[in-house]
Structure formats: C-alpha cells, structure tokens
A.B. asks: 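Before I ask anything, here is the structure I am working with.
When a residue number appears, it is its place in the shown sequence, counting from 1.
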Amino acid sequence: MAIYTLPELPYDYAALEPVISPEIIELHHDKHHAAYVKGANDTLEQLAEARDKEAWGSINGLEKNLAFHLSGHILHSIYWHNMTGDGGGEPLEKDGTGELADAIAESFGSFAKFKSQLTKASATTQGSGWGVLAYEPVSGRLIVEQIYDHQGNVGQGSVPILVFDAWEHAFYLQYKNQKVDFIEAMWRVVNWQDVAKRFTEAKGRTPLITP
C-alpha cells in the first residue's frame with residue numbers, strides 16, 4: 001500500500017500566470033512531483049524486501065534514494081502552497097503577517113537584505129536544488145539555506161517555511177536558461193499568509209537540542 005500520495009494543487013494550472021505558465025505547473029506537478037511520490041513509495045517497498053531477506057547489499061543506494069524522493073515530495077508540497085496568484089510584496093502587520101516580518105528583520109537586518117540573500121542563494125545553487133527560508137529551532141532564528149538536489153547541505157532540524165524551486169524543470173520552458181529572472185519573478189507570487197502560518201507552527205516545535 002502506498003504511504004505517500006500526490007497532493008492536489010490549491011489552484012488551477014493558470015492561477016500563477018504570467019509568472020509561471022499553466023504548461024509548467026501541469027508538468028511540474030503531474031509529472032515531476034508525482035515521480036518523487038512514486039520513487040519514495042517504491043523505495044520503501046524495496047527496503048521492506050531487504051529487511052525480509054536480510055539482503056543489505058544495496059542499502060546505501062536505497063537510503064540515498066529515499067532521502068532524495070521523500071525530500072522532493074515534501075519540498076514540492078510546501079512549494080505549491082507557498083504561492084498564490086494574489087501574492088507578492090512583503091509580509092506586513094496590516095495583513096496579519098507582522099510577526100513574520102519582525103522575525104525577518106531581526107534575523108537578516110531588513111526585508112530587502114533577506115530578499116537579496118534568498119534570491120542569490122536560489123539563483124546560484126550549484127546544479128539542481130532549492131533556495132529555502134527555514135526556521136532554525138536551536139537559535140530560534142530564521143536562516144537561508146541552499147539545498148542541493150532535494151536533500152543536501154541542510155542544517156539538521158531546520159524547518160522550511162518558504163521554498164524556491166531552482167531545478168530547470170521549474171522554469172526552463174518559460175525562462176530558458178535565465179534562472180535569476182525566474183527567481184526574481186517568484187517574489188510576485190509568494191503567499192505570505194502561508195509562510196507566516198508555517199513560521200508559527202515551526203516555532204511551536206520542541207528543539208532537538210537545548211540552545
């Protein structure tokens with residue numbers, strides 16, 4: 001029985017135009033995200049078979065595959081909800097996202113400095129990967145991370161609350177090789193209400209270690 005399932009999009013394929021075309025959304029969700037879900041489920045089945053047979057010759061590859069596909073599934077599930085056709089701008093007190101705005105200013109100095117760092121981190125991720133705003137529970141601050149592929153170069157225990165997909169499949173049909181143009185455009189569809197909700201939930205988690 002499948003453990004993971006492909007979530008439905010919270011909007012239709014055309015909802016993020018002109019920033020992201022309907023064709024990209026459809027391919028990205030229905031093909032790429034679906035492949036990560038299938039990959040995670042298939043790997044779990046293969047691990048179960050390895051346990052039953054006590055056959056561990058492929059354990060390293062299986063564990064790597066599970067991390068890759070499961071992280072891809074999780075990050076994409078956040079990604080879809082991080083965007084809205086009515087988004088953009090920055091978090092503001094009047095919009096009910098003042099707590100997030102204060103945390104960004106405290107952690108990065110200002111929203112403009114945070115935006116610049118996340119933009120650069122996303123646009124310069126080597127190879128395929130993500131730019132991520134995450135809550136780091138040990139210090140209780142926000143940090144920007146580069147995630148290679150879906151799972152590498154991550155501070156353990158940090159909770160992603162805003163993710164920018166910098167894989168070519170996320171933008172190439174529309175932006176060609178101009179990744180930075182895509183990242184700049186992404187700021188026009190950020191759903192700050194969703195990011196603020198994730199920030200509040202992340203703060204409520206117990207840290208893995210004491211500061």
A.B. asks: With a 3.5 Å cut-off and sequence neighbours excluded, list the donor-acceptor pairs that the side chains of residues 74-82 form with protein atoms.
C.D. replies:
residue, atom, partner, partner atom, Å
His76, ND1, Gly72, O, 2.7
His76, NE2, His28, NE2, 2.9
His76, NE2, Asp165, OD2, 3.1
Ser77, OG, His73, O, 2.8
Trp80, NE1, His33, ND1, 3.0
Trp80, NE1, His76, O, 3.3
Asn82, OD1, Val163, N, 2.9
Asn82, ND2, Ile161, O, 3.2
Asn82, ND2, Asp194, OD2, 2.8

A.B. asks: Under the side-chain contact (heavy atoms from CB on, under 4.5 Å) rule, collect the residues that match up with Ala103, sequence neighbours excluded.
C.D. replies: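 Listed in chain order: Leu142, Phe199.
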A.B. asks: Scan residues 37-58 for pairs that pass ring pair (Phe, Tyr, Trp, His ring centres under 6.0 Å), counting only residues two or more places apart or in two chains.
C.D. replies: none
A.B. asks: With side-chain hydrogen bond (donor to acceptor under 3.5 Å, both in side chains) as the rule and sequence neighbours excluded, what pairs involving residues 120-134 come up?
C.D. replies: Thr124-Gln146, Trp130-His150
A.B. asks: Quick one: salt bridge (charged side-chain N to carboxylate O under 4.0 Å, His left out) pairs with a partner in residues 65-90, sequence neighbours left out?
C.D. replies: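 Sorted pair list comes back empty.
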A.B. asks: Which residue pairs pass the salt bridge (charged side-chain N to carboxylate O under 4.0 Å, His left out) test when at least one of the two sits in residues 167-192, sequence neighbours left out?
C.D. replies: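 Passing the test, one end in residues 167-192: no pairs.
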A.B. asks: The criterion is salt bridge (charged side-chain N to carboxylate O under 4.0 Å, His left out); which residues satisfy it with Asp42, sequence neighbours excluded?
C.D. replies: Lys38
A.B. asks: The criterion is ring-ring contact (aromatic ring centres under 6.0 Å, His included); which residues satisfy it with Phe182, sequence neighbours excluded?
C.D. replies: Phe171, Tyr175
A.B. asks: Applying salt bridge (charged side-chain N to carboxylate O under 4.0 Å, His left out) as the test, list every pair that has at least one member in residues 5-34; sequence neighbours left out.
C.D. replies: none
A.B. asks: Could you work out, with ring-ring contact (aromatic ring centres under 6.0 Å, His included) as the rule, every residue matching Phe111, not counting sequence neighbours?
C.D. replies: Phe114, Trp192
A.B. asks: Say whether, by atom type as modelled, one donor and one acceptor occur between the side chain of Ser158 and the main chain of Val154 under 3.5 angstrom.
C.D. replies: no
A.B. asks: Val132 vs Val144, test: side chain to side chain contact (heavy atoms under 4.5 Å, CB included). Steps then yes/no.
C.D. replies: CA-CA 6 Å; Val132 173; Val144 165; over 6 Å; no
A.B. asks: State which residues pass side-chain contact (heavy atoms from CB on, under 4.5 Å) with Glu136; sequence neighbours excluded, sorted by chain then number.
C.D. replies: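 Here the qualifying residues are Val138, Ser139, Ile143.
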A.B. asks: Can you run down the side-chain hydrogen bond (donor to acceptor under 3.5 Å, both in side chains) pairs that involve residues 92-113, sequence neighbours left out, and say none if there aren't any?
C.D. replies: Glu99-Lys203
A.B. asks: Does the distance from a Lys or Arg side-chain N to an Asp or Glu carboxylate O, for Arg205 and Glu201, drop under 4.0 Å?
C.D. replies: no
